[in-house]
Amino acid sequence: MIRQKSGVYTIKRVLDKAVDTIVIILMAMIVIVVSIQVFSRYVFNNPLTWSEELARYLFVWIVFTASVVVFRENRHMSVDFFVSLFSDSIRKKLDVTVNLIVTVFLIVMIYTSPEILTVTMRQLSPTLNIPMAAIYCAFPAALLLMLAELTFRVLFYFANSIHEEGTQP
């Protein structure tokens, strides 16, 4: 049991680190691309044709991958005024209900994503000439990572529950 639990924790840590690294790399790339564009426009008076489009697509990927980080840390905006009025046991039940609703939403959206990607595979971006599916792929990728996060939450919840039951007299 402990070996399986540590393996799951290791997988989660590696996945979290990978997502964090991707966000950092994308942020660095967008800074570089925009800096090159500014330099080219104002120093050489010759703006690049591809930089604005690439920055826009990098930004899309940043938004979706960073949303996974925010989701992982439970930092999405929420209105919890009324929830804070309830007892801890009711709050836990509300949390489970919200997570179930989010899970259903993620599964439905993941299920419908291939249709969107199939349509956008034939569309090319105006300047870079890459399939638009490469940009739209950010959405299902983020959905899958959020679903993985929910799966880890459930696994850890049950692992902690079993561990707590086992230590009680």
Side-chain angles (χ1 to χ4, degrees), residues 7-84 94-95 97-156:
V8 173
Y9 279 108
T10 302
I11 292 169
K12 178 163 177 21
R13 277 195 313 271
V14 168
L15 189 60
D16 290 349
K17 186 73 171 167
V19 171
D20 293 345
T21 303
I22 289 169
V23 171
I24 291 167
I25 290 170
L26 290 171
M27 288 294 292
M29 287 175 63
I30 199 169
V31 167
I32 291 168
V33 167
V34 171
S35 297
I36 290 171
Q37 169 64 0
V38 169
F39 187 79
S40 174
R41 178 181 299 269
Y42 292 108
V43 173
F44 296 125
N45 200 23
N46 186 16
L48 302 173
T49 57
W50 54 267
S51 61
E52 184 180 336
E53 186 174 304
L54 180 58
R56 185 180 318 123
Y57 298 152
L58 287 171
F59 185 72
V60 169
W61 271 91
I62 289 168
V63 166
F64 283 108
T65 53
S67 70
V68 173
V69 175
V70 173
F71 183 78
R72 175 188 349 137
E73 298 175 3
N74 282 326
R75 305 284 294 218
H76 275 114
M77 289 185 359
S78 63
V79 180
D80 59 356
F81 174 76
F82 294 110
V83 174
S84 64
L94 285 172
D95 189 42
T97 304
V98 167
N99 281 325
L100 283 173
I101 292 169
V102 169
T103 302
V104 169
F105 172 78
L106 292 174
I107 291 170
V108 168
M109 297 312 305
I110 290 168
Y111 180 76
T112 60
S113 292
E115 185 177 335
I116 295 167
L117 294 177
T118 303
V119 170
T120 59
M121 185 60 80
R122 294 184 297 265
Q123 300 172 348
L124 298 177
S125 67
T127 306
L128 298 173
N129 275 338
I130 58 174
M132 291 301 292
I135 290 86
Y136 283 93
C137 198
F139 182 61
L143 294 173
L144 286 169
L145 289 168
M146 287 181 195
L147 189 60
E149 176 62 32
L150 281 170
T151 304
F152 285 124
R153 285 182 193 174
V154 169
L155 289 173
F156 296 155

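Just so you know, these numbers use all the heavy atoms, side chains as well, and skip hydrogens, waters and symmetry mates.
Side-chain atoms of V83 and D95, non-hydrogen and from C-beta on, never get closer than 4.5 Å to each other. Between I36 and S51 the shortest side-chain heavy-atom distance does not fall below 4.5 Å. By the 4.5 Å heavy-atom criterion applied to side chains, M146 and S67 are counted as neighbours. The shortest side-chain heavy-atom distance between Y136 and V119 does not fall under the 4.5 Å cut-off. L117 is not listed as a side-chain neighbour of M121, based on a closest heavy-atom distance of 4.5 Å or more. At least one side-chain heavy atom of I130 sits under 4.5 Å from a side-chain heavy atom of I135.
Listed by first and then second residue, the ring pair (Phe, Tyr, Trp, His ring centres under 6.0 Å) pairs involving residues 24-70 are F39-F44, F64-F139 (not counting sequence neighbours). The side chain to side chain donor-acceptor pair (under 3.5 Å) pairs that include a residue from residues 16-25 are K12-D16, D16-R72, D20-R72, where partners are two or more places apart or lie in different chains.
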- Pair L48-V33, side chain to side chain contact (heavy atoms under 4.5 Å, CB included): steps then yes or no: CA-CA 10 Å; L48 302 173; V33 167; over 6 Å; no
- Message: Evaluate N74 against R153 for side chain to side chain contact (heavy atoms under 4.5 Å, CB included), listing each step before the verdict.
- Response: CA-CA 11 Å; N74 282 326; R153 285 182 193 174; 3.1 Å; yes
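Across all non-hydrogen atoms, the minimal contact from A148 to L15 is CB-CD2, 4.2 Å. Residue L143 comes nearest to S113 through the heavy atom pair CD1-OG, 4.0 Å, listed as atom of the first residue, atom of the second, then distance. Counting all heavy atoms, side chain and backbone alike, L106 lies closest to L147 at CD1-N, 3.7 Å. Smallest separation of non-hydrogen atoms from V34 and A55: CG2-CB, 4.0 Å.
Put simply, CG on L155 and OH on Y9 are 9.5 Å apart, with the number rounded to the nearest 0.5 Å. Taken from OG1 in T65 to CD1 in I25, the straight-line distance is 10.5 Å, to the nearest 0.5 Å.
Annotation: M109, atom CE; neighbour count of heavy atoms from other residues, nucleotides and ligands within 6.0 Å is above 12. At most 12 non-hydrogen atoms from other residues, nucleotides or ligands lie less than 6.0 angstrom from CD of E115. Environment of CG in N129: crowded, with over 12 heavy atoms of neighbouring residues, nucleotides or ligands closer than 6.0 Å.
Remark: the backbone N or O of M132 is not paired with any side-chain donor or acceptor of S125 at under 3.5 angstrom. Between the side chain of E53 and the backbone N or O of L128 there is at least one donor-acceptor pair closer than 3.5 Å.
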